[in-house]
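Bear in mind that the values here come from a model prediction, so they are computed numbers and not experimental data. Labels below follow one simple rule: chain letters A, B, ... track the order of the sequence lines, proteins then strands, and each chain is numbered from 1.
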Number of protein chains: 2
Amino acid sequence: MTAPPIQPCFRALADPTRRDIVMMLARSDMTIGQLTDRFDMTRAAVKKHLTVLSDGGLITVRTRGRERINSLNPEGFAPVINWLSHFDQFWDDRLASLKSAIEGNEP
Amino acid sequence: MTAPPIQPCFRALADPTRRDIVMMLARSDMTIGQLTDRFDMTRAAVKKHLTVLSDGGLITVRTRGRERINSLNPEGFAPVINWLSHFDQFWDDRLASLKSAIEGNEP
DNA sequence: TTGACGTGATACCATTTGGTGTCATATTTA
DNA sequence: TAAATATGACACCAAATGGTATCACGTCAA
């Protein structure tokens, strides 16, 4: 029931390659090898990004044989969404309504 | 009508000090001197953070005499909000677990 | 069993980042 | 005018970051 730390989550999203990975994993689960095929960098570099994403709680990993399947973890966005909601007073668009929906409040 | 770049915005929010500054400016406009009084760092360091925030479009600055008044620019959040909205559908599917995550409960 | 495959881990490197100290400049104020 | 105030702009430094190359280890298939 301790709130997840916010810094690893923001840090994970601060890199464009990591945001691309998140977008890819939103479409389908992928192994490191599959992800590496889509980037112009080594597997070791992709692995580092995956570690940062995992530290940020944005992805989960499960083992299947010799493969490691990476999946998006939507709950991991909560710290960012929650922090942004502090600024609801400044905008009355979709974020506010999303936050309301999440909290089960009336719009 | 060109969409603002997303990377400077995410980068600006990736630092805890800068997020604190954003929170402070959400309450009231402040000069660099006033902000520096609230941090345990030099004015030069705060100035660097303000430059990053400005590059990210999250704050605006206006001059009043010898002072420079820093203000929050709510529209600057748009790139981040828009990027996160790509996952709306993903969240809708798992709204219950996201709700739990935000409330700090176990899934 | 013997490779080939998929991955993790580590050492190493260049660049970026967050911080300080210092000096220069513009604006108030005594 | 002279001094105090408020700020901007550098040069510099240690640490973090994003990348590579390389080696080690478990798993699958011939």
Min side-chain heavy-atom separation [X]-[Y] under 4.5 Å:
| X | Y | answer |
| --- | --- | --- |
| B/Ile81 | A/Phe87 | no |
| A/Met41 | A/Thr17 | yes |
| A/Val61 | A/Leu50 | no |
| B/Phe77 | B/Leu84 | no |
| A/Arg62 | A/Asp29 | yes |

Could you list, one pair per line, each protein nitrogen or oxygen that sits under 3.5 Å from a nitrogen or oxygen of nucleotides 26-30 of chain D, together with the distance?
unit_1 : atom_1 : unit_2  : atom_2 : d
D/dT27 : O2     : A/Arg66 : NH1    : 3.4

Can you tell me how far [atom2] of [Y] sits from [atom1] of [X], rounded to the nearest 0.5 angstrom?
| X | Y | atom1 | atom2 | result |
| --- | --- | --- | --- | --- |
| A/Ile6 | B/Arg19 | CD1 | CZ | 5.0 Å |
| B/Thr36 | B/Lys47 | OG1 | NZ | 11.0 Å |
| A/Asp15 | B/Gln7 | CG | CD | 6.5 Å |

* **B/Ile32 vs B/Arg43, side chain to side chain contact (heavy atoms under 4.5 Å, CB included): CA-CA, chis, key distance, verdict** => CA-CA 7 Å; B/Ile32 206 177; B/Arg43 187 175 50 76; 3.9 Å; yes
For DNA chain C, the residues among [range] that have a non-hydrogen atom under 4.0 Å from it:
| range | result |
| --- | --- |
| residues 5-29 of chain B | B/Arg11, B/Asp15, B/Arg18 |
| residues 52-62 of chain B | none |
| residues 35-49 of chain B | B/Met41, B/Thr42, B/Ala44, B/Ala45, B/Lys48, B/His49 |

Inter- and intrachain pairs under ring pair (Phe, Tyr, Trp, His ring centres under 6.0 Å), touching residues 11-43 of chain B, at least two apart: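 For residues 11-43 of chain B, and leaving out neighbouring residues, there are no ring pair (Phe, Tyr, Trp, His ring centres under 6.0 Å) pairs at all.
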| query | Taking only residues at least two apart or on different chains, which pairs with a member in residues 49-70 of chain B satisfy ring pair (Phe, Tyr, Trp, His ring centres under 6.0 Å)? | reply |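 Pairs touching residues 49-70 of chain B that pass the test: none.
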> Quick one: on DNA chain C, does A/Leu50 or B/Glu67 contact a more 5' nucleotide (nearest heavy atom)?
Replying inline: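 On the 5' side of the pair lies A/Leu50.
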Quiz item: Knowing that exactly one of B/Leu58, B/Ile59, B/Val52 qualifies, which makes a side-chain contact (heavy atoms from CB on, under 4.5 Å) with B/Arg18?
Solution: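 It is B/Val52, the one option of B/Leu58, B/Ile59, B/Val52 that forms the side-chain contact (heavy atoms from CB on, under 4.5 Å) with B/Arg18.
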* Candidates A/Asn70, A/Ile69, A/Leu25 - the one meeting side-chain contact (heavy atoms from CB on, under 4.5 Å) with A/Met30 ->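 Testing each of A/Asn70, A/Ile69, A/Leu25 against A/Met30, the sole residue satisfying side-chain contact (heavy atoms from CB on, under 4.5 Å) is A/Leu25.
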Whole Å only: how far is the CD atom of A/Gln34 from the C1' atom of C/dT7?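 Rounded to the whole Å, the gap is 13 Å.
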Within this structure, what is the CZ-to-P distance between A/Arg68 and C/dC5, rounded to whole angstrom?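 Whole-Å distance recorded here is 21 Å.
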